[in-house]
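The structure under discussion appears below in the form of structure tokens.
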Amino acid sequence: MTVRTDRYDPEIVERKWQEEWERRGTNLFTDDELRTAEDPYYNLMMFPYPSAEGLHIGNVYAYVGADANGRYWRLRGKDVFEPMGFDAFGIHAENYALKVGTNPNELIPQNIANFTRQLKRFGGMYDWNHTVDTTDPSYYRWTQWVFLKLFEGGLVERREAPVNWCPSCLTVLANEQVIAGLCERCEATVEQRRLPQWFFKITRYAERLLGNLEQIDWSDVTKKAQANWIGRSEGAEVAFPAGAGVIEVFTTRPDTLFGATYMVLAPEHPDVDRLTTPEQRAAVEAYRAEVATRDLVERQKERKDKTGVFTGSFAVNPTNGQEIPVWIADYVLMGYGSGAIMAVPGHDQRDFDFATAFDLPIVRVIARPGDDASTPLTEAYAGDGVMVNSGRFDGLTVAEGKRAVVEWLANDKSAARARVNFRLHDWCVSRQRYWGPPIPIIHCDTCGPVPVPESELPVEHPPLEDFQPDDSGVSPLRRATEWYETPCPRCGRDAHRETDVTDNFLCSGWYFLRYPSARHDDVALDPELTRKWLPVDSYIGGNEHAVLHLMYARFLTMALHDLGVLDFEEPFDRFRAHGLLISGGRKMSKSKGNVVLPDKIVARFGADTMRLYLLFLGPYEHGGDWQDKGIQGPFGFLNRLWQSARDAVDGAPDPDVERALHRTIRQVTEQVPALQYNTAIAAMMEYLNVVRADGRTPRRSELEPLLVLLAPFVPHVAEELHARFGHARSIFDGASWPAWDESKLADETVEIAVQVNGRLRGRVSIAAGVDEADVIAAATANENVARHLADKTLRKTIVVPDKLVNLVVG
RNA sequence: GCCUGGGUGGCGAAAUUGGUAGACGCGCCAGACUCAAAAUCUGGUAGGGGCAACCCUGUGAGAGUUCGAGUCUCUCCCCAGGCACCA
């Protein structure tokens, strides 16, 4: 063995191997290789928006965790496809371009070049042969194609509807982009506007989007967030006769129908005009005007103080024929159910507050044990009980009553039917902005909205000097007159293009489908490649996209499945949300000065150390706290590893070391695919400590398997030391993942904990596997144990083989 | 309010799922090397008591089950995230 005297220099090692991998095409697939791969594994991570600032350490955290997974499976012999791309359309890029006064067309390519440099420098195993850039016409051509597929399938609709308008971004937003009444991007208070917009009918898929959650292997947090967002409620639709028509309401508590003492419509409800009496008109109009000036954020603040106005009209409670007044109030939302409710103040706290404020009758219709029909209510009672004051239904439980009342109303009065309601809204996909794929539709006075023929895709967005959005609700693309005016593809008459662009989440909603086909310009999705590689085997990303990207991606996949494009309906077999990376105990922010810059870390310690530290910080799915000093641990570890390999001598492993090795192999093999990186790394550190214990000289055979175990985390060092041990091929191609041998795991002697009455009193060393009597004999022979046994009677002994003895005395 | 996670040394965290609490790492303390510092190496490090062998206390709080509880059950407190006048 040659003795080398060099020190670990990450800069040199990493440059060398990055160049080498590129030269050899180590991570690249040819089209042919993609088609013939024997054991495909599609390892996906969320592609970044290429910001001007470069990769955020949070992105890096996501990527190195996902890359470790990909490299692990490659070492296990799979053909791992790990592509990367850029999500470069959208308001974020456009706003930044406006701020610095350039065109995103110029800005984005620079940012992408910088991101690519960083991604390569951090040692990701990306297949740069199969990349996507959502702003490239060769990509968004097919984004438009997806739009048209859904359009043809009847899943797209243009309609005038109350939509979320961000007065700062000057565009509409999807429901998912409004967080507590604020724009998720700029935190401006979102207004409600009535505008014609394009919608994807995601609500048609609500039941499937919810139901499939049970079958997919996803992080629990993510599934819960989606279920929450879809918001399924079982109940009934009930018609209350009112004036010449009826008011439809949705209720989850049909058992309380007898207690409905008034009704409330949302102020924007279309029936308000019809139901308002002349005497009440002035008051109703005043109230509606006042509500219109208040935004959603204010409406939420005033939750406790209920406001509202009587319309002057009455409706009939179909259960008991009573006339009940119809009010309007802003605590009823137009956007949920039918925008009208039956108010049951006895059993709904909001209705109770309203009834109290306006002196409306409160009737008990559910009694809990101990109450009777006349027990007064001091607050709404929403719990279980039996029905009272409900005629023939008295005595039924809540659950029985729900069914019975609906059945009765449905059969005898045609006034009700069981119904499931969802919180999920249709996805508003149109944006009145510049930096996105134009919606491929042409408006013709004769033919209506006509899809642009597939052969004419992409509809490229026209170059615009002035792409500043305005408050008109019309996209800046309207200013490109020559582009705007175009003949109708159907009848040839003068027509004009749709000027809205699509939501950025449409670009990112299908990119993973495109990667394998990225080199094919003639087709969106090559059928053979799609069948081979999709659905995605592993997807790792942040949970902030639980109800945005991940919901849309599932919807689009389901829709394309139903349209015959795909033969699967769930896009990601496994999804794992990584945790949040914080710094010094707090969220990273520029103002707090605790932002971690990956380029600086790499320059100082190298990519391997950064990767190792990021994954060692804490459980990957919980996140971790970056502490600047902590990185010294992994850095020191790699230095010791380097020295150990440099000084290693030939020879069989020492038996004690070999035992530790087999345990380490087992632990790493089990924990890496479960993303338990922090403990797997700890195990390898512990193992190296054993290898180097008491200054002993390591054997090469003790280190070679360790290099393979480490390769997913520190690919450059592993590759270099593997080569220095004389291997010509890359560790990722030539080395096989070590196997552990069960027979080599067990110690010959074990240390048994001896408890007396459950308290630890001593430890004894004993040969493994001896029988109980001998264990007890050894235990009682222990001096300290014997002292605790003196003068006592042994009543019971519990023996856990090779681990513990508990002597119960009295 | 509802739904998820969490709460363990000075800090980030482990704990084979009911069996020796604190692995691994940071920090800190002491020592070696050095004119010195850095780096590196060695040892120590939950708290309290004791010269020591040892003893007591200890996983957010309180109760329970058990030979034995960080782990299971019940009640409560706190932190983070999701949803939220959703009928």
Side-chain angles (χ1 to χ4, degrees), chain A residues 179-180 219-229 231 233 235 249-253 256 264 296 299-300 302-304 306 329-333 335-344 348-351 353-354 382 421-423 543-544 546-547 577 579-580 582 584-585 587 613 616-619 621-634 636-637 639-640 643 663 666-667 670 676 678-689 692 694-695 751-763 783-784 787 795-801 803-809:
Chain A
I179 312 294
S219 291
D220 218 46
V221 263
T222 313
K223 293 210 273 191
K224 284 281 170 10
Q226 291 212 345
N228 226 333
W229 185 260
S233 302
V249 302
F250 172 74
T251 177
T252 55
R253 294 294 305 273
T256 64
V264 187
L296 285 171
R299 270 167 83 159
Q300 279 175 21
E302 294 162 15
R303 193 174 297 192
K304 286 246 166 73
K306 295 280 184 289
D330 67 355
Y331 83 92
V332 174
L333 309 174
Y336 184 76
S338 63
I341 61 156
M342 64 167 197
V344 183
D348 181 290
Q349 193 56 41
R350 295 155 301 177
D351 297 344
D353 294 341
F354 191 83
N421 209 37
F422 293 95
R423 210 184 119 335
N543 207 37
E544 67 274 14
V547 297
L580 194 70
I582 60 173
K587 267 188 184 174
Y613 181 49
F616 177 65
L617 289 172
E621 291 180 74
H622 295 176
D625 186 4
W626 178 286
Q627 297 177 348
D628 286 336
K629 286 191 167 170
I631 198 168
Q632 290 294 347
F637 168 74
N639 274 288
R640 287 191 292 278
Q643 288 157 19
R663 285 187 191 153
R666 179 177 66 175
Q667 192 172 345
E670 288 171 355
Q676 290 159 4
N678 58 329
T679 46
I681 293 166
M684 292 186 282
M685 289 176 166
E686 204 175 345
Y687 173 64
L688 188 65
N689 289 343
R692 294 167 56 88
D694 304 320
E751 193 175 67
I752 306 263
V754 184
Q755 296 181 336
V756 178
N757 284 348
R759 304 190 63 109
L760 185 68
R761 295 303 178 189
R763 296 183 170 94
E783 197 183 321
N784 195 46
R787 237 187 35 241
R795 297 198 187 280
K796 193 175 176 184
T797 57
I798 287 112
V799 177
V800 180
K803 272 203 178 141
L804 173 141
V805 179
N806 191 8
L807 305 166
V808 184
V809 296

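Per chain, numbering begins at 1; letters A, B, ... match sequence-line order.
Here A:Asn639 does not reach the OP1 or OP2 of B:A39: none of its side-chain N or O atoms lies under 4.0 Å away. For A:Ser233 and B:A87, the shortest distance from a side-chain N or O to OP1 or OP2 is below 4.0 Å. Considering only side-chain N and O atoms, A:Arg423 lies nowhere under 4.0 angstrom from the phosphate OP1 or OP2 of B:A87. Within the structure, every side-chain polar atom (N or O) of A:Arg663 is placed at least 4.0 Å from both OP1 and OP2 of B:U16. Applying the 4.0 Å criterion to OP1 and OP2 of B:C26, one finds that A:Lys629 has every side-chain N and O outside that range. A sub-4.0 Å separation between OP1 or OP2 of B:G81 and a side-chain N or O of A:Asn543 is absent.
Side-chain proximity of A:Glu686 to B:A23, B:A84, B:G81: nearest is B:A23. Side-chain proximity of A:Tyr336 to B:C86, B:U20, B:A13: nearest is B:C86. Residue A:Asn689 has its side chain nearest to B:C24 when only B:G19, B:C24, B:U4 are considered. Distance from the side chain of A:Arg350 is smallest for B:A87 among the nucleotides B:A87, B:G81, B:G19. Of the candidate nucleotides B:G12, B:C83, B:U20, B:G12 has the atom nearest to the side chain of A:Phe616. Checking B:G81, B:G19, B:G25 against every side-chain atom of A:Leu804, the shortest atom distance belongs to B:G19. The side chain of A:Ala753 lies closest to B:U20 when the candidates are B:U20, B:U4, B:A14. Of the listed nucleotides (B:A23, B:C67, B:C3), B:C3 has the atom at the smallest distance from the side chain of A:Asn228. Of the candidate nucleotides B:U16, B:C86, B:C55, B:C55 has the atom nearest to the side chain of A:Arg761. Side-chain proximity of A:Leu333 to B:C85, B:A14, B:A23: nearest is B:C85.
In this pair, A:Tyr613 and A:Trp626 present their aromatic rings perpendicular. The plane angle is above 60°, beyond the 30 to 60° band.
Across all strands shown, B:U8 forms no Watson-Crick or G-U wobble pair with both distances under 3.5 Å. Under the Watson-Crick or G-U wobble criterion, with both distances below 3.5 Å, B:A61 is paired with B:U75. Across all strands shown, B:C2 forms a Watson-Crick or G-U wobble pair, both distances under 3.5 Å, with B:G82. With a cut-off of 3.5 Å on both Watson-Crick or G-U wobble distances, the partner of B:A37 is given as none. Pairing for B:A14 is absent, judged as Watson-Crick or G-U wobble with the two contacts each under 3.5 Å. Shown here, B:G27 forms a base pair with B:U45; the pair counts as Watson-Crick or G-U wobble because both key distances fall under 3.5 Å.
A cation-pi arrangement is absent between A:Lys306 and A:Phe354, since the terminal nitrogen or guanidinium carbon is not both under 6.0 Å from the aromatic centre and inside a 45° cone about the axis.
As rounded to whole Å, 10 Å separates atom C1' of B:A80 from atom CD1 of A:Ile582. A:Asp625 places its CG atom 7 Å from the P atom of B:G12, with the value rounded to the nearest Å. Summarising the geometry, the separation between CG on A:Asn757 and P on B:G68 is reported as 8 Å, rounded to the nearest angstrom. Look at CG on A:Asp628: it is 18 Å from P on B:C11, rounded to the nearest Å. Between A:Lys803 atom NZ and B:U20 atom P the separation is 7 Å, expressed in whole Å. The interatomic distance linking A:Tyr687 (OH) with B:A23 (C1') rounds to 18 Å, in whole Å. Nucleotide B:C79 holds its P atom 20 Å from the NE2 atom of A:His622, rounded to whole Å. Between the CG atom of A:Asp220 and the P atom of B:C3 there is a distance of 14 Å, rounded to whole Å.
Although no hydrogens or angles enter the test, the distance criterion places a donor-acceptor pair under 3.5 Å between the side chain of A:Ser219 and the main chain of A:Ala577. Side chain of A:Gln676 to backbone of A:Pro619: no donor-acceptor contact under 3.5 angstrom is found.
Under the 90° criterion around 0 for the glycosidic angle, B:G9 counts as syn. Nucleotide B:U75 is shown with an anti base, its glycosidic torsion being more than 90° from 0.
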**OP:** Using the side-chain hydrogen bond (donor to acceptor under 3.5 Å, both in side chains) rule, take A:Ser233 and A:Asn421 through it: C-alpha gap first, then chi angles, then the decisive distance, then the call.
**Re:** CA-CA 5 Å; A:Ser233 302; A:Asn421 209 37; over 6 Å; no
Original post:
Passes side-chain hydrogen bond (donor to acceptor under 3.5 Å, both in side chains), A:Asn639 versus A:Gln643? Steps please.
Top reply: CA-CA 6 Å; A:Asn639 274 288; A:Gln643 288 157 19; 5.0 Å; no
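Within 4.0 Å of A:Trp229, counting heavy atoms only, lie sugar-phosphate atoms of the nucleic acid but no base atom. Nucleic acid contact class of A:Gln667 (heavy atoms, under 4.0 Å, all strands): none. Looking at heavy-atom distances under 4.0 Å, A:Arg763 makes contact with a base. Residue contacts for A:Asp351: at a heavy-atom cut-off of 4.0 Å it reaches no nucleic acid atom on any strand shown. Residue contacts for A:Val800: at a heavy-atom cut-off of 4.0 Å it reaches a base atom on one of the strands shown.
Between A:Leu760 and A:Arg763, the shortest heavy-atom contact is CD2-NH2, 3.6 Å. In terms of heavy atoms, A:Asn806 sits closest to A:Asn757 at OD1-N, 3.5 Å.
The residue among A:Gln627 and A:Gln643 whose nearest nucleotide of RNA chain B lies closer to the 5′ end is A:Gln627. Mapping A:Phe250 and A:Arg759 onto RNA chain B via the closest heavy atom, the residue that lands nearer the 5' end is A:Arg759.
Side-chain atoms of A:Asn806 come within donor-acceptor range of the base of B:C67, with a qualifying N/O pair under 3.5 Å.
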